[in-house]
Amino acid sequence: SLPRRGSRNQSQNRTMSAGKAFKVLVTHPEVPQEGIDLLKENCEIVQVQSVPINRAELLEKIRGVDGVLWGGHEPLNAEALDAAGPQLKSISTMSAGIDYVDVPEVKRRKIPLGHTPTVLNTAVADLAVGLLIAASRRFHEGRKTIDNDKWENYHLNWLLGQDIRDSTVGFYGFGGIGQAIAKRLSGFDIDKVLYTTRRRVHKEIEEEFNAKKVDFDTLLAESDFVVIASPLTKDTQGVFNATAFNKMKQTAVLVNIARGKIVNQDDLYEALKANRIFSAGLDVTDPEPLSPKDKLLTLDNVVVLPHIGSATKRTRADMSTIAAHNVLRGLAGEPMLSPAY
Ligand SMILES: O=C(O)C(=O)CO
């Protein structure tokens, strides 16, 4: 829940009484107004105007600012931090994943860094369930049969898909988003949840979802649906490769709402083409944007979306609000609502 506007503590009051003591860069012209309005109360705002973001404009405008609301997924690195200067004391992204941030570099400079997990859990989880159904019930292939005048429902075994009921759903990563997906799927009469994470989740959460922590190989071997919901790190990059696909059930459906680079996309293409696994539903690809000529798009058994997991009006507004609170708290020398490190 968000702090109430009236409930400022002392250091925030100091910020207030100093007038617009701080200058904050908003690195994207389309950051929802909710966050901008919050920042405006205490801060002078400079805003990048170009879309797609012109790096030169960003580097020019970041100079001398006290805080940054980093609105897009452009690299936040030493170049940008150097351009800002040593007075920079608070940054928040407007995303859950921060793989485009050079976190060690931000840490080294002791600049508090926030991000916006949690508020996007439900929107991303809704989309994940959509992808899971679309991929298991062959939406893309079905639509193509209509376009190609191949509607052959006189066959009784035409376009048969995979059932969700009584299935085992395996989560690679079982944080807020994974749990929100599991919560939604509990209405689909699934049999059980497996998960692979570095740390075990709380016992109550395991009980709530009938979830069991397993090693990666077990997750692959036993899951009917494998859902990737982990951050992209050097440990998770490329782990879904040919070796992994070969350990999955031939009827398995892969869903990725996390980051494209967690999957070796060439290997995924081969696995799908050879029907080594049943299908995939992807909101994220490598690279993004994906070329319209990418070979993945020639396959019937993959549903691809253009990274729209958090793309609802309310979710984006909430993300801007959290990001603005993070920036303001950093400026006031207080802990951020959602610190990234
Ligand atoms: O917040 C994120 O990390 C997303 O990928 C969605 O915008």
Side-chain angles (χ1 to χ4, degrees), residues 1-5 7-9 11-12 15 22 24-28 31-39 41-43 66-74 76 80-81 88-107 109-128 173-181 183 197-199 201-202 205 229-233 236 257-259 307 309-341:
S1 65
L2 302 177
R4 291 225 312 278
R5 298 274 278 275
S7 66
R8 284 194 185 81
N9 65 22
S11 54
Q12 271 174 316
T15 313
F22 294 118
V24 171
L25 173 70
V26 176
T27 70
H28 200 295
V31 167
Q33 198 58 36
E34 286 81 350
I36 306 280
D37 286 346
L38 274 169
L39 290 171
E41 289 178 22
N42 293 348
C43 308
D66 303 293
V68 179
L69 194 165
W70 197 270
H73 288 204
E74 295 79 36
L76 201 183
L81 299 169
L88 180 57
K89 48 190 141 311
S90 182
I91 308 175
S92 180
T93 70
M94 208 185 95
S95 65
I98 52 165
D99 43 285
Y100 55 90
V101 181
D102 186 342
V103 177
E105 194 59 44
V106 178
K107 260 191 197 169
R109 295 163 195 246
K110 302 193 174 60
I111 305 171
L113 175 70
H115 66 145
T116 62
T118 319
V119 282
L120 47 66
N121 290 355
T122 58
V124 176
D126 292 349
L127 194 91
F174 199 50
I177 292 175
Q179 290 165 31
I181 298 168
K183 181 175 172 192
T197 53
R198 271 180 307 164
R199 276 183 304 258
V201 303
H202 284 298
I205 292 170
S230 76
L232 171 64
T233 65
T236 65
I257 47 75
R259 286 294 182 266
H307 199 150
S310 70
T312 72
K313 202 160 188 297
R314 178 175 167 194
T315 298
R316 289 281 163 82
D318 288 350
M319 289 163 78
S320 82
T321 301
I322 300 290
H325 278 297
N326 281 339
V327 171
L328 290 170
R329 287 185 172 215
L331 290 172
E334 294 167 359
M336 291 186 167
L337 283 187
S338 40
Y341 70 79

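Quick note: residue numbers are just sequence positions, from 1.
- Phe22 contributes atom CZ, which lies 9.5 Å from atom CG of Leu328 (distance to the nearest 0.5 angstrom).
- No side-chain heavy atom of Cys43 sits under 4.5 Å from any side-chain heavy atom of Asp66.
- Between His307 and His73, the ring planes are perpendicular. Angles over 60° get that label, and only those under 30° would be called parallel.
- Side-chain contact between Met336 and Ser90: present, with at least one pair of heavy atoms (C-beta onward) separated by less than 4.5 Å.
- Considering every non-hydrogen atom in both Ala258 and Ser230, the closest pair reads CB-O, 3.2 Å.
- Across all non-hydrogen atoms, the minimal contact from Val201 to Gln179 is CG1-NE2, 4.1 Å.
- At least one side-chain heavy atom of Tyr100 sits under 4.5 Å from a side-chain heavy atom of Ser95.
- Side chain of Ser92 to backbone of Leu69: no donor-acceptor contact under 3.5 angstrom is found.
- What you find for Ile91 and Val327 is that their closest heavy atoms are C-CG2, 4.4 Å.
- Here the closest non-hydrogen pair linking Lys110 and Tyr341 is C-OH, 4.1 Å.
- No donor-acceptor pair closer than 3.5 Å links the side chain of Ser338 to the backbone N or O of Gly114.
- Rounding to the nearest 0.5 angstrom, the gap separating the OG1 atom in Thr27 from the CD atom in Glu74 is 6.0 Å.
- Here Thr321 contributes atom OG1 and Met94 contributes atom CE; the two are 9.5 Å apart, rounded to the nearest 0.5 Å.
- Between the NE2 atom in His325 and the CG atom in Leu39 there is a gap of 9.5 Å [rounded to 0.5 Å].
- Contact check for Ile205 versus Phe174: side-chain heavy atoms found under the 4.5 Å cut-off.
- At least one side-chain heavy atom of Leu331 sits under 4.5 Å from a side-chain heavy atom of Val24.
- A 4.5 Å side-chain heavy-atom check between Arg316 and Ser310 finds at least one atom pair inside the cut-off.
- A distance of 6.5 Å separates CD of Glu105 from CG of Leu81, quoted to the nearest 0.5 Å.
- Pro32 and Ser320 make their closest contact through O-OG, 3.4 Å (heavy atoms, listed as atom of the first residue, atom of the second, distance).
- Taking OG1 of Thr315 as the reference point, atom CG of Asn121 lies at 9.5 Å (rounded to 0.5 Å).
- You'll find the side chain of Leu127 stays beyond 4.5 Å of the side chain of Val124, heavy atoms only.
- If you run side-chain contact (heavy atoms from CB on, under 4.5 Å) between Ile322 and each of Val119, Leu38, Leu120, only Val119 comes through.
- The nearest pair of heavy atoms linking Thr236 to Pro231 is OG1-O, 2.9 Å.
- Here the side chain of Thr116 pairs no donor or acceptor atom with the backbone of Met319 at under 3.5 angstrom.
- In this structure, the side chains of Arg329 and Pro112 stay at 4.5 Å or more apart for every pair of heavy atoms.
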